[in-house]
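What follows is a single structure, written as structure tokens, with notes after it.
In this chain, numbering begins with 1 at the start of the sequence shown.
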Amino acid sequence: MRTTFQQLRRPLLTAAVLTFAGLFPAQAQPVANPVATFAGLDKITGRITRFDVYIDETVLFGALELTPRACYDRPSSDTLQRTSAFLEVDQRSLDGSAERIFTGWMFADSPALNAVDHAVYDVWLIECKTSTNVPPPSER
């Protein structure tokens with residue numbers, strides 16, 4: 001009896017692992033992208049502006065300086081947040097000084113999850129891209 005169980009143990013364990021592996025989808029590795037696309041709302045004018053920003057480039061939106069540090073996306077079949085960006089936002093004052101008002105991850109699928117808290121401007125992540133028609137900072 002003991003040899004029969006030992007002979008069946010390996011095939012049974014293999015079958016169990018293969019069965020459970022089918023229940024949990026494989027998670028794809030995130031893909032780093034060189035460009036992040038954001039949308040910004042000026043609450044005074046009601047105007048929404050869409051703009052592309054290269055990673056580690058700083059752009060001005062109203063009184064806000066936005067600097068994306070990373071932008072990742074995943075395949076649409078992935079169950080995790082598919083598009084995310086790490087962003088730093090500084091508020092410029094009239095005297096030229098800047099104050100950091102946001103540092104963190106933004107998620108395109110859930111823009112309100114980790115939002116920039118500002119009285120005049122809203123900014124949210126739209127997508128990550130591999131290219132844009134905006135020339136890179138080194139070519140400007």
Side-chain angles (χ1 to χ4, degrees):
M1 179 77 169
R2 181 172 215 141
T3 49
T4 307
F5 177 72
Q6 288 179 347
Q7 291 171 343
L8 291 176
R9 183 172 61 181
R10 183 171 294 236
L12 287 173
L13 286 173
T14 303
V17 167
L18 292 175
T19 300
F20 286 114
L23 295 177
F24 303 104
Q27 300 297 324
Q29 291 297 318
V31 176
N33 293 280
V35 179
T37 301
F38 294 96
L41 169 65
D42 182 327
K43 297 176 188 176
I44 303 295
T45 65
R47 177 175 291 163
I48 296 175
T49 305
R50 188 175 173 143
F51 50 96
D52 292 341
V53 186
Y54 286 90
I55 300 305
D56 294 327
E57 174 189 20
T58 300
V59 299
L60 193 62
F61 175 70
L64 302 181
E65 292 180 337
L66 292 91
T67 308
R69 298 296 181 188
C71 198
Y72 297 107
D73 60 5
R74 294 174 180 266
S76 59
S77 60
D78 206 328
T79 58
L80 296 174
Q81 293 283 344
R82 289 188 289 276
T83 304
S84 57
F86 189 82
L87 181 66
E88 297 173 350
V89 179
D90 296 330
Q91 179 177 324
R92 300 291 285 177
S93 63
L94 293 176
D95 65 5
S97 63
E99 177 187 353
R100 178 72 39 94
I101 62 168
F102 179 85
T103 301
W105 288 96
M106 286 190 151
F107 305 99
D109 293 348
S110 305
L113 183 62
N114 201 11
V116 175
D117 185 24
H118 192 269
V120 178
Y121 305 105
D122 282 343
V123 177
W124 62 95
L125 176 66
I126 300 292
E127 64 181 336
C128 297
K129 301 193 305 191
T130 57
S131 64
T132 180
N133 58 1
V134 176
S138 61
E139 296 179 11
R140 291 186 221 153

Non-hydrogen atoms of T103 and R100 that approach each other most closely: OG1-CD, 3.1 Å
Interatomic distance, L60 atom CG to R92 atom CZ [nearest 0.5 angstrom]: 8.0 Å
Short side-chain to backbone donor-acceptor contact, R140 and P135, under 3.5 Å: yes
Pairs meeting criterion disulfide bond (SG atoms under 2.5 Å apart) with involvement of residues 83-140, two or more places apart: C71-C128
Neighbour count >12 (heavy atoms, 6.0 Å) for atom CZ, R47: no
Hydrophobic cluster of Y54, others only, ordered by chain and residue number, side-chain cut-off 4.5 Å: V35, V134
Derivation of the side chain to side chain contact (heavy atoms under 4.5 Å, CB included) call for V123 and V89: CA-CA 10 Å; V123 177; V89 179; 6.0 Å; no
hydrophobic_cluster_shared for W124 and L113, side chain cutoff 4.5 Å: no
Parallel, tilted or perpendicular: ring planes of F51 versus F61, cut at 30 and 60 degrees: parallel
Y72 atom OH, over 12 foreign heavy atoms within 6.0 Å: no
Contact list for residues 123-138, test salt bridge (charged side-chain N to carboxylate O under 4.0 Å, His left out), sequence neighbours left out: R50-E127, D52-K129
D90 (side chain) donor-acceptor with E65 (main chain) under 3.5 angstrom: no
Approximate separation, where rounding is to 0.5 Å, of T49 OG1 and L41 CG: 8.5 Å
With D122 via side-chain hydrogen bond (donor to acceptor under 3.5 Å, both in side chains) - residues at least two apart: K43
F102: ring-ring contact (aromatic ring centres under 6.0 Å, His included) partners, not counting sequence neighbours: none
Straight-line distance of N114 CG to L125 CG, nearest 0.5 Å: 11.5 Å
N33 side, atom CG; T132 side, atom OG1 - distance, nearest 0.5 Å: 12.0 Å
Gap separating the OH atom of Y121 from the CD1 atom of I101, nearest 0.5 angstrom: 10.5 Å
Residues clustered with L94, ILVMFWY side-chain links under 4.5 angstrom: none
